[in-house]
Amino acid sequence: MFINLSQQHSLISNWMSEIRDKEFQKDRQRFRRNLERIGEVAAYEISKKMDFIEKEVETPLGSATCKMIKDQPVLATILRAGIPMHNGLLNYFDKADNAFISAYRKHQKDGSFEISLDYVSCPELEDRILIISDPMLATGASLVKTIHYLKAEGKPREIHIVAAIACTVGIEYVTREDPGVTIWCGDIDDELTAKGYIVPGLGDAGDLAYGVKVQI
Ligand code: URA
């Protein structure tokens with residue numbers, strides 16, 4: 001299942017427009033903050049699907065029956081481009097556990113690449129709600145590899161993926177490999193270049209957030 005958060009008019013459309021815009025992209029802090037804001041709204045939307053429990057809270061004037069989310073999720077992200085969205089999700093799910101995965105495109109001389117998974121730091125995942133942020137769901141290869149790896153550590157009850165831009169091919173690949181996942185995205189693009197970049201997309205999200213890296 002996938003949910004395009006731009007389908008309804010909301011502030012998400014403004015932030016999506018800014019992260020795509022070459023002029024706005026010159027402001028790295030604004031780029032990161034917009035990804036963070038998209039992560040915050042995605043957290044709010046995901047929370048609507050969660051289970052809640054009632055809790056009696058003592059106020060200075062009496063007692064109120066309040067509702068609280070039942071289970072804290074695990075927030076996972078793929079370094080480095082995922083960090084701003086992860087921060088946004090964590091701003092809202094502020095008691096969540098966290099997982100960090102280093103997955104990157106290891107380029108060959110002929111321009112092809114394979115996904116290399118290095119560092120993984122992860123809490124217990126068995127029966128947890130896992131929310132993975134990756135701003136650009138392009139081919140879906142790194143997400144699928146990450147999900148397979150994490151599932152081998154413990155089987156989450158639910159898996160949500162949060163992306164700023166998701167490419168149709170990537171959505172199809174991820175949902176084919178793991179039909180149970182729910183993908184939340186800021187927008188959907190249909191085209192992918194031979195090098196795996198989304199068109200029109202926005203460019204390289206990691207470079208725009210943190211500066212251009214050297215290719216290894
Ligand atoms: N990663 C990016 O940063 N941009 C793309 O277009 C695809 C993957």
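As the structure lists them, so they are numbered: ligands from 1, and atoms in each ligand from 1.
- When only modelled atom types and interatomic distance are considered, Glu40 and Asn91 share a side-chain donor-acceptor pair under 3.5 Å.
- Side-chain contact between Ile132 and Val162 is absent, with no heavy-atom pair separated by less than 4.5 Å.
- Closest protein heavy atom to atom 3 (O) of ligand 1: Ala205 N, 2.7 Å.
- When each of Ile165, Leu11, Ile19, Leu89 is checked for a side chain to side chain contact (heavy atoms under 4.5 Å, CB included) with Ile38, only Ile19 meets the rule.
- Side-chain contact between Tyr119 and Ile101 is absent, with no heavy-atom pair separated by less than 4.5 Å.
- If you check which protein heavy atom lies closest to atom 7 (C) of ligand 1, you get Gly196 O, 3.4 Å.
- Closest heavy-atom approach to atom 4 (N) of ligand 1 within the set Gly201, Ala138, Gly203, Pro200: this belongs to Gly203.
- Using a 4.0 Å cut-off between charged side-chain N and carboxylate O, Arg30 and Glu18 make a salt bridge.
- Residue Ala81 places every heavy atom at 4.0 Å or more from ligand 1.
- Using modelled atom types and a 3.5 Å distance limit, the side chains of Ser63 and Glu56 yield a donor-acceptor pair.
- Closest to atom 5 (C) of ligand 1, if we only count protein heavy atoms, is Tyr197 CD2, 3.4 Å.
- Among protein heavy atoms, atom 6 (O) of ligand 1 sits closest to Ile198 N, 2.8 Å.
- The protein heavy atom nearest to atom 1 (N) of ligand 1 is Met136 CB, 3.6 Å.
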